[in-house]
Amino acid sequence: MKISNFNLIQDEESITAKALVSFEDCSQPDKEVFIKTSKAYAKYFDINPHSFLVGCLLPAIHFGEKRLVMDQEICPFLKEGLETAMHILSDWTKGKYHPLKIEAPVMSEIRQVKTPVAGMFMSGGMDSLAALRLNRLHYPRKHPGYVKDGFFLHGFDIGGVVERGMKYPVFDRAMESISKITDDAELSLIPVYTNIRHLCDERELWLNYFFGSVLAAISHSFSKRMNLVFIGSSYDIPNLHPCGSHPLLDPEYSSLDLRIRHRDYHLSRIEKIKIVSQWDIAFQNFRVCLANVPDRLNCGKCEKCVRTMTELTALGLLAKTRAFVEDEITPKHISQFDITIRVRPPFYRPLIPMLKEQGRDDLAQAIEKQLLK
């Protein structure tokens, strides 16, 4: 793979970093990839070669490229980290993903940010909201780790799969809802758009190996302002497994001037929900749905919605949030999904005794039945 034609374009509404990706060892077509944000954040944004190196690495490995070539200088600290990340991925895939050779000149010095700040990713789900809440509880306002900026992303679950469309109205509605939370936390919410996932949006690649590197790519685009970016964990320590965002992988996408930290993986999903439930503005406006329907923030029908509603029922909290239209869940909701796939059982098993304590033996039995399939 060769990454070339780096370009920074600004118009009346946005600023966009672009590069051309060319494949050398497979039949994939050339593709221009981009990372874009609102013009309001132009002074924080740059065309950083690290963004395209990290973001394009996984598709290059997936398609069997033997090298990744750039004529732009990169940080040797990042290059070492990517070597480690590639060997982790090789181990996870039992050798299917072979480490490739990174061919790029290395920089002899790094850019120093005068007053760096911390940032984080905001999906509006429980992982990111718990991370933000804990940041506000644990860090004094003047501490460098006190998060000041949050990224909301188009090109992940919204707009990530080409066949499903770009769904810009869904993105705008979700951002409006999340803004209520970030305004309360006095956090700047920065919209970011990217098509890096479109290099290869195969579901298994994206979920198991790829999406964390795209989070890192976006982080590097804002290294003119930030030197630390937090990524909320998807799984807790007892249930860690190969995943696109992982405490072994994410830090290896750091450069010497931008640290990436995978946080809160000591907390279970239930513990995170409890944290969010104690922050009312977040508890009324969270977004967990991956269906991205046009008329609701959370569809109440997809597996992620049903799982979250079941968790809230187990905690006696479902009727206390407006984030779902529904305030009741039935065994029929649970029985329509295979909850044994994609490391779902660790989310459901702890709910069984909790549901029984709530007098919902029907839901507990539905979960037990589904786990036996």
Side-chain angles (χ1 to χ4, degrees), residues 122-138 157 173-174 176-185 232-236 238-239 263-293 295-337 339 343-368 370-371:
M122 289 299 306
S123 67
M126 295 300 173
D127 298 328
S128 64
L129 293 179
L132 178 56
R133 183 59 174 168
L134 291 175
N135 182 269
R136 291 299 181 257
L137 293 174
H138 294 169
D157 61 299
R173 186 188 67 235
E176 180 182 356
S177 181
I178 295 169
S179 293
K180 298 175 184 177
I181 304 170
T182 54
D183 288 349
D184 183 73
S233 61
S234 299
Y235 297 91
D236 58 357
N239 299 300
R263 58 165 298 151
D264 303 324
Y265 53 103
H266 64 292
L267 296 174
S268 69
R269 170 85 171 174
I270 289 295
E271 289 171 323
K272 291 179 180 179
I273 292 175
K274 288 180 179 178
I275 291 167
V276 175
S277 72
Q278 295 168 13
W279 182 15
D280 190 63
I281 190 71
F283 194 54
Q284 303 307 327
N285 292 281
F286 64 77
R287 168 187 168 267
V288 297
C289 185
L290 299 179
N292 299 314
V293 294
D295 56 341
R296 292 172 57 173
L297 195 62
N298 296 295
C299 74
K301 298 177 180 179
C302 69
E303 189 276 330
K304 190 74 176 292
C305 280
V306 168
R307 186 203 316 166
T308 305
M309 289 192 293
T310 305
E311 291 163 335
L312 291 169
T313 300
L315 291 168
L317 295 173
L318 180 57
K320 298 180 180 180
T321 179
R322 298 188 302 273
F324 287 110
V325 174
E326 299 81 2
D327 58 10
E328 180 71 19
I329 189 166
T330 69
K332 185 177 179 180
H333 286 99
I334 297 170
S335 63
Q336 64 183 312
F337 297 108
I339 63 174
V343 201
R344 289 176 180 173
F347 291 123
Y348 283 94
R349 286 197 186 100
L351 302 181
I352 295 172
M354 297 173 64
L355 289 166
K356 290 179 178 179
E357 289 179 7
Q358 294 287 340
R360 295 302 305 268
D361 287 30
D362 57 334
L363 298 180
Q365 291 169 6
I367 291 174
E368 290 173 328
Q370 291 300 101
L371 288 174

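Here the structure is a predicted model, which is why all the values come from computation and not from measurement.
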### Task
Applying side chain to side chain donor-acceptor pair (under 3.5 Å), name anything that partners Ser177, two or more places apart in sequence or on another chain.
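Listed in chain order: nothing, the list is empty.
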### Task
Using side chain to side chain donor-acceptor pair (under 3.5 Å) as the criterion, list what pairs up with Arg133, not counting sequence neighbours.
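Scan of Arg133 (side chain to side chain donor-acceptor pair (under 3.5 Å), adjacent residues dropped) gives none.
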Say whether, by atom type as modelled, one donor and one acceptor occur between the side chain of [X] and the main chain of [Y] under 3.5 angstrom.
X: Asn298; Y: Ala323; value: yes
X: Arg360; Y: Ile329; value: yes
X: Gln284; Y: Ile281; value: no
X: Arg307; Y: Phe347; value: no
X: Thr321; Y: Phe283; value: yes

[X] versus [Y]: any side-chain heavy-atom pair under 4.5 Å?
X: Leu351; Y: Ile270; value: yes
X: Pro238; Y: Pro346; value: no
X: Leu371; Y: Glu368; value: no
X: Leu267; Y: Leu134; value: yes
X: Leu363; Y: Lys356; value: no

### Message
Salt bridge or not between Lys274 and Glu311? Use side-chain N to carboxylate O under 4.0 Å.
### Response
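Salt bridge absent between Lys274 and Glu311.
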#### Entry: Considering all heavy atoms, the nearest Gly125-Val288 contact
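That would be CA-CG1, 4.3 Å.
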### Query
So which heavy atom on His333 is nearest to which on Gly300, and how close?
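The answer is CD2-O, 4.3 Å.
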Just wondering, are more than 12 heavy atoms of other shown residues or ligands nearer than 6.0 Å to [atom1] in [X]?
X: Phe337; atom1: CZ; value: yes
X: Lys304; atom1: NZ; value: yes
X: Glu176; atom1: CD; value: no

Return the [atom1] to [atom2] distance between [X] and [Y], rounded to the nearest 0.5 Å.
X: Ile181; Y: Leu132; atom1: CD1; atom2: CG; value: 8.5 Å
X: Glu303; Y: Ile339; atom1: CD; atom2: CD1; value: 8.5 Å
X: Asp236; Y: Arg269; atom1: CG; atom2: CZ; value: 11.5 Å
X: Asp264; Y: Ser128; atom1: CG; atom2: OG; value: 10.5 Å
X: Cys299; Y: Leu290; atom1: SG; atom2: CG; value: 9.0 Å
X: Cys305; Y: Leu297; atom1: SG; atom2: CG; value: 9.0 Å

#### Entry: Distance-only donor-acceptor check, side chains Arg173 and Asn292, under 3.5 Å
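No - no donor-acceptor pair under 3.5 Å links their side chains.
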### Query
Does the side chain of Lys272 pick up a donor-acceptor pair with the side chain of Ser233 at under 3.5 Å?
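Yes.
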### Verdict with reasoning, Glu326 to Lys301, per salt bridge (charged side-chain N to carboxylate O under 4.0 Å, His left out)
CA-CA 10 Å; Glu326 299 81 2; Lys301 298 177 180 179; over 6 Å; no
### Query
Run the side chain to side chain contact (heavy atoms under 4.5 Å, CB included) check on Gln358 and Thr313 step by step: do they pass?
CA-CA 8 Å; Gln358 294 287 340; Thr313 300; 5.6 Å; no
### Task
Sorted by first residue and then second, give each ring pair (Phe, Tyr, Trp, His ring centres under 6.0 Å) pair with at least one member in residues 295-326; sequence neighbours left out.
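Qualifying pairs: Phe286-Phe324.
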### Task
Apply side chain to side chain contact (heavy atoms under 4.5 Å, CB included) to the pair Ile367 and Gln370, showing each step before the final yes or no.
CA-CA 5 Å; Ile367 291 174; Gln370 291 300 101; 5.8 Å; no
